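Just so it is clear, the model here is predicted, and its values are computed rather than measured. Chain letters run A, B, ... following the sequence lines, proteins first and then strands; every chain starts at 1.
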Protein chains: 2
Amino acid sequence: MSPAEYSGLGDPERSIALLWGKAGAPTRGPKQRLTVERVVATAIEIADADGLDGLSMRKVAERLGVGTMSLYTYVPAKAELVDLMLDRATGEVRRPEAGMGWRERLELFAREHWQLYHRHPWMLQVTGHRPVLGPNELRAYDDALGALALAGLDERDMVGFVDLVEGYVRGKARNSIDSAQAERRTGVSDDQWWTARQFFWDKHFERADHPNLTRVLDAGAFSEQGGAFEFGLARTLDGIERFLADRD
Amino acid sequence: MSPAEYSGLGDPERSIALLWGKAGAPTRGPKQRLTVERVVATAIEIADADGLDGLSMRKVAERLGVGTMSLYTYVPAKAELVDLMLDRATGEVRRPEAGMGWRERLELFAREHWQLYHRHPWMLQVTGHRPVLGPNELRAYDDALGALALAGLDERDMVGFVDLVEGYVRGKARNSIDSAQAERRTGVSDDQWWTARQFFWDKHFERADHPNLTRVLDAGAFSEQGGAFEFGLARTLDGIERFLADRD
DNA sequence: CTAAAACTCCGTACCGTGTACGAAGTTACG
DNA sequence: CGTAACTTCGTACACGGTACGGAGTTTTAG
């Protein structure tokens, strides 16, 4: 078999088999000392602590007590490892229960993912990637679609609204997580950072040129954003509700 | 002066002076052959074409015909260069005109940023960063706040709704851009990618386990997402409108 | 007028990254 | 029992950001 289907990319069959845990155990050769599962779990631990930047194949190998290149017998490349990490983490979300209405289901979806991203901030650092066709990702997506099917929407709008809610949650989570990630990366806390920039507001910022920002700053509105996630979520779902109402 | 305020981080005064173009020209020494402006513009060109991953100090230097380390006389580090790139690109957005209502203003904000992110996809690849306190970023933010001030909201809700709309736009833009970025990085086009995974849907995917996804796939709903941005934007703004109405 | 100070430019070097390659050892099958 | 298939992993390469310090250039202080 050629080493890669396209430029440097792994075999799709292999990737999907890994995601679905359907990789046939090889018969020949020495028994494997590790499992894909352990590799993925370890990688998640490291990424949880050090972020996606802090995740390196060498670190994973070191923590597992194996040589770096040994990991490549479990996983074709780092990109596939990240896909596995994403799908595995997504498996942590709670699923809707029978009897829940569409709004309740979407709220559950949103809150579960909100928490998920806080537990695993690196999930939002993966950029420019295609959908992960893993069991947990598809499950979660199917559940979310199901909520909107319950609302009686057609297929196009189901997809549209799932995207809307998903996008909302990811966006908010990113905001909420960014400063913590910056702190980890730079070693500068939020307080230190803002304090070091206080001189800007005092000496350089043109208040008259930014009347709205000035007003918001003076009111201390940025420290009042505690319940913003729930607030925005309610507004987003209200938008859907209004769409449903107007339709009739 | 110590080389850095915190671990590896540059002097905030210097960073802000750069953003606002207030870096005092040095008197001693040879005249500079470049300007910060040219460095930033060149970096944006490269990032537009090759993504944030494809942006390296060496490439910028090469294109400008200077040694790599010479860039460090213009910019303290790559992180600051990216901040400058972000603020400069944000300067491209059109601003609201007098007489526009709050909804019109938010639509303009959303559409302008939607297009901005498509012109400069790398903007959405910057993760875990703190706000950029540059002139264009603050200007755009002030304008967005102004739209909601016009709607008669209090400060806390102004911030909340700007975040909401901003998050929506960024989320949608990310989806829209991700596949293009994946193509650039891996050399595999969307068609190729999905074709290479067709076997999954045919042979492995359990339709009965994913009734909603099955329904949506069969209906071809994913190819009907053309106007999804405007659709979701309208729903998001409807949510705000309903909030305003309920308030009275 | 001279010397020092301040500055630009940049070659070299260091450490960290993903991973290709191939040697060495292990197991199962024909 | 040989050989094919497999795991393990040391070495090496290309690429990344950037610290350091030397060489050359301009201004300024004395």
key: Euclidean distance, A:Met123 CE relative to A:Leu52 CG, rounded to 0.5 Å   = 11.0 Å
Look at [X] together with [Y] and state whether they make a salt bridge at an N to O cut-off of under 4.0 Å.
{"X": "A:Asp48", "Y": "A:Arg119", "answer": "no"}
{"X": "A:Glu80", "Y": "A:Arg14", "answer": "no"}
{"X": "A:Glu37", "Y": "A:Arg88", "answer": "yes"}

ask   = Looking for any heavy atom pair under 4.0 Å, which part of the strands does B:Leu55 touch: base, sugar-phosphate only, or nothing?
value = sugar-phosphate
Provide, to the nearest angstrom, the distance between the [atom1] atom belonging to [X] and the [atom2] atom belonging to [N].
{"X": "A:Glu80", "N": "C:dG18", "atom1": "CD", "atom2": "C1'", "answer": "12 Å"}
{"X": "A:Tyr72", "N": "D:dA12", "atom1": "OH", "atom2": "C1'", "answer": "14 Å"}
{"X": "B:Asp53", "N": "D:dA14", "atom1": "CG", "atom2": "P", "answer": "21 Å"}
{"X": "B:Met57", "N": "C:dG11", "atom1": "CE", "atom2": "C1'", "answer": "16 Å"}
{"X": "A:Lys78", "N": "C:dA20", "atom1": "NZ", "atom2": "P", "answer": "14 Å"}

key: Worked check of side-chain contact (heavy atoms from CB on, under 4.5 Å) between A:Lys172 and A:Leu233   = CA-CA 10 Å; A:Lys172 267 290 181 207; A:Leu233 177 60; over 6 Å; no
task = Scan residues 35-42 of chain A against DNA chain C and write down, sorted by residue number, each residue with any heavy atom closer than 4.0 Å; if none is found, say none.
result =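 DNA chain C contact set from residues 35-42 of chain A: none.
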inquiry  = Applying side-chain contact (heavy atoms from CB on, under 4.5 Å) to B:Arg207 and B:Trp201, what does each step give before you reach the verdict?
reply    = CA-CA 9 Å; B:Arg207 292 170 63 88; B:Trp201 302 105; over 6 Å; no
query = Nearest nucleotide by nearest heavy atom, which residue falls closer to the 5' end of DNA chain C, A:Ser56 or A:Pro76?
reply =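 Its nearest nucleotide being more 5', the pick is A:Ser56.
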query = Are any side-chain N or O atoms of B:Asp83 and backbone N or O atoms of B:Val132, one a donor and one an acceptor, separated by less than 3.5 Å?
reply =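 Side chain of B:Asp83 to backbone of B:Val132: no pair is present.
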key: Exam field: side chain B:His204 to backbone B:Phe200, donor-acceptor pair closer than 3.5 Å   =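 Here the side-chain-to-backbone pair does not exist.
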task = Treat primed atoms plus P, OP1 and OP2 as sugar-phosphate and everything else as base, then score nucleotides 5-11 of chain D 5' to 3': B for base contact with protein heavy atoms under 4.0 Å, S for sugar-phosphate contact only, - for none.
result = BBSBBBB
